[in-house]
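What follows is a set of notes on a single structure, which appears directly below.
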Protein chains: 2
Amino acid sequence: MARLPVYLRALHSLQDRGIATVSSEELAAAAGVNSAKLRKDLSHLGSYGTRGVGYEVEYLIYQISRELGLTQDWVVAIIGVGNLGRALAGYGGFASRGFRMASLLDADPRLVGERIAGIDVEHIDRLETVIAEHGVSIAVIATPAVAAQEVCDRVVASGVTSVLNFAPIVLSVPDGVDVRKVDLSIELQILAFHEQRKAGGPMGEQVEREYVEAVEL
Amino acid sequence: MARLPVYLRALHSLQDRGIATVSSEELAAAAGVNSAKLRKDLSHLGSYGTRGVGYEVEYLIYQISRELGLTQDWVVAIIGVGNLGRALAGYGGFASRGFRMASLLDADPRLVGERIAGIDVEHIDRLETVIAEHGVSIAVIATPAVAAQEVCDRVVASGVTSVLNFAPIVLSVPDGVDVRKVDLSIELQILAFHEQRKAGGPMGEQVEREYVEAVEL
DNA sequence: AAGGCCTTGTGAACGAGTGCACAAAGTCGC
DNA sequence: GCGACTTTGTGCACTCGTTCACAAGGCCTT
């Protein structure tokens, strides 16, 4: 359920505002989804709502957190300390809820020893050691594209089964390993695509007509 | 079609390796999708393949680029020059193909005037002016969550209809405005969810059994 | 020039996910 | 304590995207 984290964030926001109880209608609006969908999602976790009243915010936060595995700590290593790696290391959202940034690694010897967000950068040669020592369970790859597959292979060989990839390539991994990809320029390209359609298609009307039938994103 | 950018990247990679022609099977493997799906996607752009041979890489790159609107330049402004904003400004993938980074804006007066990736940071007060002067068509919001909605409103009021949001909130926008969201911690939470399921669910077997029936992400 | 071979393009079945609409169920006021 | 109201949980129909399987069609060898 990719939507649970979104619900969780909306719930935290409600909690910060001192709201103790919420209806599916309200929560759905805050999360930007249909209320029936939200109820169906939540019902899969069990019956945590009260008919005629709604959901208790705090209890629901706990249940979703448990479902997502946020009640335990996940140990994260970031490989690649370029601009993006630094941004990720400093991103407060990670440390705040269940994700512990354990290690930063890079291939550039000039970066090794530098202290970023309270962590000393180590050399990529120590990858396997670091993963074993800290018990890393999630690896974040923020290296250039050419290095990503090799880093991924080594990480997987060390027993990590969850990878978050920022490098602009499709990583190949064995079964049982989950890879999620975040590609910044792809997001921009999708926006450009929609922007262009709003403006009336790529060129003449002849081509445009075909677009009307094209599947909406 | 959210997959077109992925195909495009795979095609560029093939082109760099000097490959002139490619079958749907090969390209699908490189992009990590089913070959029938790929063919159906491409057929929506028109019949650009040759039966018995495959697709001509260069021609297909042109057609997809045109479809995505990458044959024209898109003017991008980044609002919020924190760690993430800097990383985005320095990210080569933007400038390389059709996206021109026109402006960096921030609310912190200490950052104003600083030069990042060849661009002088301007104060957020000049937001409307900058958008009009440069003809910005895509706004990237990399501000803290509390500021994001206000920035978004101002950007939209200035006529921008495409927004890429990195702030961890759901932006509300009028119809006709496209928002795409990238949320780094949500990606980690989804990985954690899968990692937990591999490990055997959040607690006892009783709960675990329900998970088996839960919808796969 | 003709047949075999290979790959595209697509019809059709399938499955997942979505949204509607309503019954079940609990609360609150009287 | 009882009835009306509110909101959850869910059966059902539907839409959309995916996948299979194959016919249509172009190239290359003989």
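Small disclaimer: the values here were computed from a predicted structure and weren't measured.
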Query - Below 4.0 Å: OP1/OP2 of dG9(D) and any side-chain N or O of Tyr55(A) - result: yes

Query - Heavy-atom neighbours of Glu58(B) CD exceed 12 at 6.0 Å - result: no

Query raised in the report: What is the distance from CE of Met1(A) to C1' of dT18(C), rounded to the nearest Å?
Result: 12 Å

Query raised in the report: Val163(A) and Val173(A): side-chain contact (heavy atoms from CB on, under 4.5 Å), yes or no, with the steps?
Result: CA-CA 10 Å; Val163(A) 175; Val173(A) 293; 5.7 Å; no

Query raised in the report: Any salt bridge (charged side-chain N to carboxylate O under 4.0 Å, His left out) pairs touching residues 160-179 of chain B, not counting sequence neighbours?
Result: Lys198(A)-Asp178(B)

Query raised in the report: For DNA chain D, what residues of residues 12-33 of chain B have any heavy atom nearer than 4.0 Å?
Result: none

Query raised in the report: What integer distance in Å separates Glu56(B):CD from dT7(C):C1'?
Result: 16 Å

Query raised in the report: Quick check: does any side chain N or O of Arg17(A) sit under 3.5 Å from a backbone N or O of His12(A), one acting as donor and the other as acceptor?
Result: no

**Report entry** Stepwise side-chain hydrogen bond (donor to acceptor under 3.5 Å, both in side chains) test for Asp183(B) and Ser185(B)
**Finding:** CA-CA 6 Å; Asp183(B) 191 318; Ser185(B) 77; 3.3 Å; yes

Report task. Report the distance from atom CG of Leu38(A) to atom P of dG9(D), rounded to the nearest whole Å. Result -> 10 Å

**Report entry** Gap between atoms OH and P, on Tyr48(A) and dG9(D) respectively (whole Å)
**Finding:** 11 Å

Query raised in the report: Under the criterion side chain to side chain contact (heavy atoms under 4.5 Å, CB included), which of Leu164(B), Asn165(B), Ile79(B) is the partner of Val140(B)?
Result: Leu164(B)

Grab the N/O contacts between the protein and nucleotides 28-30 of chain C below 3.5 Å, and write none if there aren't any.
none

Query raised in the report: Between Glu26(A) (side chain) and Ser23(A) (backbone), is there a donor-acceptor pair under 3.5 Å?
Result: yes

Query raised in the report: Are Tyr59(B) and Tyr48(B) an aromatic pair by the rule of ring centers under 6.0 Å?
Result: yes

Which atom pairs, one a donor and one an acceptor, fall under 3.5 Å between side chains of residues 80-90 of chain B and the rest of the protein, sequence neighbours left out?
{"residue": "Arg86(B)", "atom": "NH1", "partner": "Glu114(B)", "partner atom": "OE2", "Å": "3.1"}

Query raised in the report: Got a donor-acceptor pair under 3.5 Å from the side chain of Arg51(A) to the base of dT8(D)?
Result: yes

Report task. Write down the distance between CG (Leu60(B)) and C1' (dT7(C)), rounded to a whole number of angstrom. Result -> 14 Å

**Report entry** Between dG9(D) (P) and His44(A) (NE2): distance, integer Å
**Finding:** 11 Å

Requested in this report: List for me each residue that meets salt bridge (charged side-chain N to carboxylate O under 4.0 Å, His left out) alongside Glu25(B), sequence neighbours excluded, and say none if there are none.
Outcome: none

Filtered N/O pairs between nucleotides 19-22 of chain C and protein, under 3.5 Å:
{"residue": "dG19(C)", "atom": "O6", "partner": "Lys40(A)", "partner atom": "NZ", "Å": "2.5"}
{"residue": "dA21(C)", "atom": "N6", "partner": "Arg39(A)", "partner atom": "NH2", "Å": "3.3"}

**Report entry** Pair Trp74(B)-Glu195(A), side-chain contact (heavy atoms from CB on, under 4.5 Å): steps then yes or no
**Finding:** CA-CA 9 Å; Trp74(B) 298 101; Glu195(A) 190 68 21; 3.1 Å; yes

